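Here is the structure we will look at.
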2 protein chains.
Amino acid sequence: MSVERRTTRQQRAVRSAILEAGRPLSIEEIHEEARASAPTIGLRTVYRVVRRLEEDREIAPVTLPGKPNRYESADVAATHHHHFHCESCDRVFDVRGCVSRLQQLLPTGFVLAGHELTFWGACEECSTARSTDGAEPGRSRGRQVDRA
Amino acid sequence: MSVERRTTRQQRAVRSAILEAGRPLSIEEIHEEARASAPTIGLRTVYRVVRRLEEDREIAPVTLPGKPNRYESADVAATHHHHFHCESCDRVFDVRGCVSRLQQLLPTGFVLAGHELTFWGACEECSTARSTDGAEPGRSRGRQVDRA
DNA sequence: CTACGTGCAAAAAGTTTGCAATCGC
DNA sequence: GCGATTGCAAACTTTTTGCACGTAG
């Protein structure tokens with residue numbers, strides 16, 4: 001019945017990459033991050049582990065307009081929030097809070113099941129870099145950026 | 001110098017399909033709609049005409065999470081609004097109005113360039129159909145659904 | 001007379017899979 | 001040792017484009 005589950009270095013690498021990122025990661029970002037602790041890990045494995053984590057409800061997909069899915073901790077996803085896409089470094093950040101009275105925007109008869117609010121622009125690092133000397137934060141390690 | 005421009009039946013079919021739909025259409029929807037007035041039109045032509053209309057700023061792309069682009073009249077796009085995706089019939093409708101004070105949701109230092117608010121659920125036709133007898137509005141001709 | 005339209009094949013981009021070698025347990 | 005797991009390359013999907021040739025403004 002139950003499928004045997006083995007815990008491998010690769011699985012741990014993928015899991016912690018996502019859970020500790022503090023922001024939604026794309027498959028490629030997960031791959032890069034996971035290579036730090038499992039240098040030989042291939043895309044094949046990243047996709048499979050991500051899928052399994054998703055099935056196990058440990059992580060949740062984040063869909064953005066025009067972009068492939070990203071993934072974040074299911075715990076984070078459970079708290080209603082939205083996303084900011086930095087057009088400069090292509091990273092995505094969580095944005096706490098939301099707006100109210102959305103249903104009233106809809107035409108009569110429409111049943112609201114959910115919504116997604118996506119912001120875009122420049123993240124703190126990129127806007128700072130550009131206004132000072134034009135350096136590209138680009139590939140720097142993502143960190144949690146959130147304020148009270 | 002100037003490029004000769006010929007007006008063909010196919011071009012007119014694509015243009016009016018989009019401009020008169022009253023909601024954003026996918027390439028496939030445009031294709032279907034255009035076939036009504038230009039029965040032999042191929043997908044290749046739809047893509048090319050849509051691109052040209054986009055370059056000429058007659059229409060504007062609408063990007064939704066996880067979906068291919070749709071297109072709507074540039075005039076409509078010029079008025080700030082958002083979109084509702086019906087999960088039942090897969091059509092997208094315009095939603096007038098917006099919410100305020102968005103910048104204050106962002107972390108300090110983030111520069112906001114734009115945002116997109118996408119709703120999903122059941123449109124009027126689909127929610128009505130399901131609550132009465134379960135009929136599928138599905139492929140019915142799209143019409144403007146908007147209220148004051 | 002050329003720009004335009006068409007069908008088809010195949011490129012991009014992203015994701016998934018076949019299968020032999022590997023390595024937890 | 002056994003079989004789940006891995007990793008590379010290749011297959012797949014979906015959307016978009018290049019080409020060669022016929023059509024039509």
Side-chain angles (χ1 to χ4, degrees), chain A residues 1-18 24-56 58-72 85 87 90-92, chain B residues 1-18 24-56 58-72 85 90 92:
Chain A
M1 276 294 134
S2 64
V3 182
E4 181 188 347
R5 281 293 173 88
R6 294 178 185 177
T7 305
T8 64
R9 177 200 328 287
Q10 291 87 341
Q11 287 173 26
R12 287 189 293 272
V14 169
R15 173 186 283 108
S16 60
I18 301 172
L25 299 185
S26 66
I27 293 292
E28 272 310 329
E29 287 175 318
I30 295 169
H31 191 192
E32 285 176 34
E33 188 66 31
R35 265 198 290 245
S37 40
T40 67
I41 192 172
L43 255 191
R44 169 83 163 89
T45 303
V46 175
Y47 273 109
R48 192 178 14 204
V49 175
V50 164
R51 164 179 291 238
R52 204 135 60 180
L53 290 172
E54 190 181 350
E55 289 171 350
D56 293 347
E58 284 200 64
I59 65 177
V62 173
T63 59
L64 299 177
K67 301 250 142 202
N69 279 4
R70 288 162 190 256
Y71 297 86
E72 67 186 358
H85 173 229
E87 296 174 302
D90 200 39
R91 290 180 299 178
V92 173
Chain B
M1 274 300 124
S2 66
V3 183
E4 181 188 346
R5 279 294 172 88
R6 293 177 185 176
T7 304
T8 64
R9 176 197 326 286
Q10 291 87 344
Q11 286 173 30
R12 285 189 294 272
V14 169
R15 173 186 283 107
S16 60
I18 301 171
L25 299 185
S26 66
I27 292 292
E28 271 310 330
E29 287 175 319
I30 295 169
H31 191 192
E32 286 176 33
E33 188 65 31
R35 265 199 290 246
S37 40
T40 67
I41 192 171
L43 246 195
R44 187 69 183 82
T45 301
V46 174
Y47 274 108
R48 183 150 18 83
V49 175
V50 163
R51 161 178 292 235
R52 210 139 51 184
L53 290 172
E54 190 181 351
E55 288 172 350
D56 293 347
E58 284 199 65
I59 65 176
V62 173
T63 59
L64 300 178
K67 300 248 144 204
N69 279 4
R70 289 165 189 254
Y71 298 86
E72 66 185 0
H85 173 229
D90 200 40
V92 174

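Bear in mind the structure is a predicted one, so any value in this text is a computation, not a measurement. Protein chains get the first letters and strands the later ones, always in sequence-line order, with residue 1 at the start of each. Side chains included, hydrogens not; waters and symmetry mates left out as well; all remaining heavy atoms used.
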Atom [atom1] of [X] to atom [atom2] of [N]: distance rounded to whole Å?
X       : N      : atom1 : atom2 : value
B/Glu28 : D/dT14 : CD    : C1'   : 11 Å
B/Gln11 : C/dA3  : CD    : C1'   : 10 Å
B/Glu54 : D/dT16 : CD    : C1'   : 13 Å
A/Asn69 : C/dT16 : CG    : C1'   : 14 Å
B/Lys67 : D/dT16 : NZ    : P     : 13 Å
A/Leu64 : C/dG14 : CG    : P     : 13 Å
A/Arg70 : C/dT15 : CZ    : P     : 11 Å
A/Tyr71 : C/dT15 : OH    : P     : 7 Å

Study note, to complete from the structure: Here the gap from A/Ile41 atom CD1 to A/Arg9 atom CZ, rounded to the nearest 0.5 Å, amounts to 10.5 Å
Exercise for review: Any chance you could measure A/Arg52, atom CZ, to A/Arg48, atom CZ, to the nearest 0.5 Å?
Suggested key: 7.0 Å
**Study point:** Candidates C/dG5, C/dT6, C/dT15 - which lies nearest the side chain of B/Arg52
**Key:** C/dG5
N/O contacts under 3.5 Å, protein versus nucleotides 23-25 of chain C?
| unit_1 | atom_1 | unit_2 | atom_2 | d |
| --- | --- | --- | --- | --- |
| C/dG24 | O3' | A/Thr7 | O | 3.4 |
| C/dG24 | N2 | A/Arg6 | NH1 | 2.8 |
| C/dG24 | N2 | A/Arg6 | NH2 | 2.6 |
| C/dG24 | N3 | A/Arg6 | NH1 | 3.1 |
| C/dC25 | OP1 | A/Thr7 | N | 3.1 |
| C/dC25 | OP1 | A/Thr7 | O | 3.4 |

Point to revise | Contact under 4.0 Å: B/Tyr47 side-chain N or O vs D/dT16 OP1/OP2 | key: yes
Practice item. Decide yes or no, distance alone: a donor-acceptor N/O pair under 3.5 angstrom between the base of C/dT17 and the side-chain of A/Arg44. Key: yes
Review point. So what does B/Arg48 touch, heavy atoms closer than 4.0 Å: a base, only the sugar-phosphate, or nothing?
Key: base
Practice item. Search all heavy atoms of B/Ile59 against all heavy atoms of B/Val50 and return the closest pair with its distance. Key: CD1-O, 3.6 Å
Review point. Taking all atoms of both residues into account, what is the closest heavy-atom pair of B/Pro24 and B/Glu72, and its distance?
Key: CG-OE1, 3.5 Å
Point to revise | Minimum side-chain heavy-atom gap B/Leu43-B/Glu28 below 4.5 Å | key: yes
Review point. Starting at the 5' end of DNA chain D, which residue's closest nucleotide do you reach first, A/Ile41 or B/Leu43?
Key: A/Ile41
Check your understanding: Does any N or O in the side chain of A/Glu29 come within less than 3.5 Å of the main-chain N or O of A/Arg91, such that one atom is a donor and the other an acceptor?
Key -> no
Review point. Hey, are B/Asp56 and B/Arg5 close enough for a salt bridge, meaning a charged N less than 4.0 Å from a carboxylate O?
Key: yes
